[in-house]
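Remarks on the structure that follows.
Keep in mind it's a predicted model, so treat the numbers as computed, not measured.
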Amino acid sequence: MAPVIGGDINEAARLLLAGKPVAFPTETVYGLGALAENPNAVAAMYALKGRPRGHPCILHVADFGEAARWAIIPPPAQKLAAAFMPGPLTLLLPAKNPAAGKTIAVRVPQHALAQKLLQKTGGVFAPSANRFGKISPTAAAHVRDEFPHADLYILDGGACAVGIESAIAGCLDGKLFMLRPGAILAEDISQTAGMPLSPPPNIAAPGRLQTHYAPRKPLQIMDKNTPWQNTMAALSFSRPPNIPPARWRRADTCPQIYAKKLYALLRELDKTNAESIGVETPPATTAWNAARDRIFRAAGVAPTDGG
Ligand code: TXA
Ligand code: MG
């Protein structure tokens, strides 16, 4: 068995409705979808990903209006949805049917193919379409590389525009908090909701483990004063003199473009003959918060600036 990459949205919808996992593009990263109302489909998706069942997945819908079937929508969440959905934001909300879990995370992707697909299928649970603990895919070929032997349809929507996973904001118990930083900044979320951010409650979720999003080779955070070993591959703003060009990728100075390319570049460097990957730290400013979070986690060290 090998995955099929294609552009047939009707085929993707047909397979999802028939209970098969299907990979699909969103503007953040590719998702591994399963029809939300089909427990066998959801079980098959967890098995393929290798994700423990205790780790819940985000519900994807075409329109936030559909979320009312699954979640209780407090007023600040309504404001956030009006401002940022469709888009790279996930809201963690109280579940309407707490039997399956007290909370549910809801996202409305903006990617045109994701929109069309979800309009045909209704709610779809989808984690990022990588094997558990690995970096998220931002192109159809990355998904194929993650599941080379799976009977899986991969809907090809090109390279993801945002390139890192959605920001996750929680609206629970009258509080607003960030669970994962993303392209939508925490300060904008707080301002739009009209509420200050509280510290996140201690929710167990794989995105919050330090060693999530890891490439195969060890990843080391570098700064200007760290000497680069010549056995490394490098992602940096200028090429360290002792790293050959074949093992170097230029880091973009614009945080949005950096994020868009980050995972694809880490996958390229992971395929070189280097012993490890060095990543130069981006500036410690809010615009870089999400990208810093992902590289610090990939290196297995906590982010230095919260989030
Ligand atoms: O951009 C994204 O959010 C992508 C695309 C495909 O939409 N999805 C994604 O899903 O990144 P995933 O499962 O790889 O990461 C979602 C994170 C996980 O850490 C998961 O445990 C957490 O959100 N999460 C989902 N539902 C939750 C819940 N009810 N309570 C706490 N954490 C939850
Ligand atoms: Mg993931």
Item to complete: Measure the NZ-CD distance between K261 and Q256 for me, rounded to the nearest 0.5 Å.
Response: 13.0 Å

Fill in: Check against side chain to side chain donor-acceptor pair (under 3.5 Å), E165 and S136
CA-CA 8 Å; E165 305 80 357; S136 295; 2.5 Å; yes

Worksheet item: Hey, what do you get for CE (M1) to CZ (F147), rounding to the nearest 0.5 Å?
Response: 16.0 Å

Practice prompt. Please assess T26 against R107 for the test side chain to side chain contact (heavy atoms under 4.5 Å, CB included), listing each intermediate value before the final yes or no.
Written response: CA-CA 11 Å; T26 81; R107 168 156 146 67; 2.8 Å; yes

Discussion item. Walk me through whether F24 and L113 qualify under side chain to side chain contact (heavy atoms under 4.5 Å, CB included).
Written reply: CA-CA 8 Å; F24 65 98; L113 290 187; over 6 Å; no

Worksheet item: Closest heavy-atom contact between L93 and A77?
Response: CD2-CB, 3.6 Å

Worksheet item: Does L117 offer a backbone N or O that forms a donor-acceptor pair with the side chain of T121 under 3.5 Å?
Response: yes

Worksheet entry | Considering all heavy atoms, the nearest I295-I221 contact | O-CD1, 3.6 Å

Worksheet item: Could D145 and K271 be called an ion pair, given the rule that one side-chain N must be under 4.0 Å from one carboxylate O?
Response: yes

Worksheet item: So if you build clusters from Ile, Leu, Val, Met, Phe, Trp, Tyr with side-chain heavy-atom gaps below 4.5 Å, do V4 and V143 land together?
Response: no

Worksheet item: Quick check: does any side chain N or O of Q220 sit under 3.5 Å from a backbone N or O of S276, one acting as donor and the other as acceptor?
Response: no

Worksheet item: For atom NZ of K217, is the number of surrounding heavy atoms from other residues, nucleotides or ligands below 6.0 Å larger than 12?
Response: yes

Discussion item. With a 3.5 Å distance limit and no angle check, can you tell me whether T281 reaches the backbone of M222 through a side-chain donor-acceptor pair?
Written reply: yes

Discussion item. Would you say that H111 contacts P86 through its side chain, given a criterion of any heavy-atom pair below 4.5 Å between the two side chains?
Written reply: no

Discussion item. Counting C-beta onward and ignoring hydrogens, is there a side-chain heavy-atom pair between L59 and V124 closer than 4.5 Å?
Written reply: no

Discussion item. I'd like to check S236 versus R250 (side-chain heavy atoms, cut-off strictly below 4.5 Å). Are they in contact?
Written reply: no

Item to complete: Find out whether I189 and M178 are in side-chain contact, i.e. whether some heavy atom of one side chain is under 4.5 Å from a heavy atom of the other.
Response: yes

Worksheet item: Can you check whether Q110's main-chain N or O pairs, donor with acceptor, with Q115's side chain at less than 3.5 Å?
Response: no

Item to complete: State whether the side chain of Y153 and the backbone N or O of D8 hold a donor-acceptor pair below 3.5 Å, judged by distance alone.
Response: yes

Practice prompt. Group every Ile, Leu, Val, Met, Phe, Trp and Tyr by side-chain heavy-atom contacts under 4.5 Å, then state whether W70 and V108 land in the same group.
Written response: yes

Worksheet entry | Validation row: P201, F177 side chains within 4.5 angstrom (heavy atoms) | yes

Fill in: P76 side chain near L176 side chain, heavy-atom distance below 4.5 Å
no

Worksheet item: When you measure from the side chain of R247 to the backbone N and O of N230, does any donor-acceptor pair fall under 3.5 Å?
Response: yes

Item to complete: Could you check V106 against I58 for side chain to side chain contact (heavy atoms under 4.5 Å, CB included), going step by step and ending with a plain yes or no?
Response: CA-CA 6 Å; V106 181; I58 298 171; 5.9 Å; no

Discussion item. Tell me if the CD atom of E11 is crowded by more than 12 foreign heavy atoms within 6.0 Å.
Written reply: yes

Worksheet item: Would you say I9 and L32 are hydrophobically clustered, going by side-chain heavy atoms of ILVMFWY under 4.5 Å?
Response: no

Fill in: Side chain D173, main chain K175, donor-acceptor under 3.5 Å
no

Worksheet entry | Presence of salt bridge, R249 and E268, under 4.0 angstrom | yes

Item to complete: Indicate if W248 and L262 have the same hydrophobic cluster label, given that clusters are the connected sets of ILVMFWY residues with side-chain heavy-atom separations under 4.5 angstrom.
Response: no

Fill in: Rounded distance (nearest 0.5 Å) linking atom CZ of R69 with atom CD1 of I104
10.5 Å

Worksheet item: Using 4.0 Å as the upper bound for N to carboxylate O, is an ion pair formed by E146 and R267?
Response: yes

Practice prompt. Report the C-alpha separation of E187 and Q191 in whole Å, then their side-chain angles, then the decisive distance to 0.1 Å, and conclude whether the side chain to side chain donor-acceptor pair (under 3.5 Å) test is met.
Written response: CA-CA 6 Å; E187 61 213 59; Q191 199 177 37; over 6 Å; no

Item to complete: Answer whether the closest heavy-atom distance between the side chains of P282 and Y258 falls below 4.5 Å.
Response: yes

Worksheet item: Is the side chain of D270 donor-acceptor paired with the backbone N or O of R216 at a distance under 3.5 Å, no angle test?
Response: yes

Worksheet, complete the sentence: Here the pair of heavy atoms bringing P94 nearest to L172 is N-CD2, 3.4 Å

Worksheet item: Closest heavy-atom contact between P218 and E275?
Response: CD-O, 3.6 Å

Practice prompt. Take Y30 and C160 through the test side chain to side chain contact (heavy atoms under 4.5 Å, CB included) and record every step on the way to the result.
Written response: CA-CA 8 Å; Y30 277 69; C160 301; 3.5 Å; yes

Practice prompt. Determine the minimum heavy-atom distance between L89 and A169, stating which atoms define it.
Written response: CD1-CB, 4.3 Å

Practice prompt. Output the distance between atom CZ (F64) and atom CE (M85), rounded to the nearest 0.5 Å.
Written response: 5.5 Å

Discussion item. Between E66 and K96 (salt bridge meaning N to carboxylate O under 4.0 Å), is one present in this structure?
Written reply: no

Worksheet item: Within a strict 4.5 Å, meaning less than it, do heavy atoms of the R294 and R180 side chains meet?
Response: yes

Fill in: Value rounded to 0.5 Å, distance of CG in N130 from CZ in R51
8.5 Å

Practice prompt. Find out if a path of hydrophobic residues (ILVMFWY) with successive side-chain heavy-atom gaps under 4.5 Å connects V301 to W228.
Written response: no

Worksheet item: What closest approach, in Å, do M195 and G174 show between heavy atoms, and which atom pair accounts for it?
Response: CE-O, 3.2 Å

Worksheet entry | Proximity of Y46 and H55 rings by center, below 6.0 Å | no

Response to the item:
Between the CD1 atom in I164 and the OG atom in S128, the distance rounded to the nearest 0.5 Å is 12.5 Å

Worksheet item: For atom CG of D223, is the number of surrounding heavy atoms from other residues, nucleotides or ligands below 6.0 Å larger than 12?
Response: yes

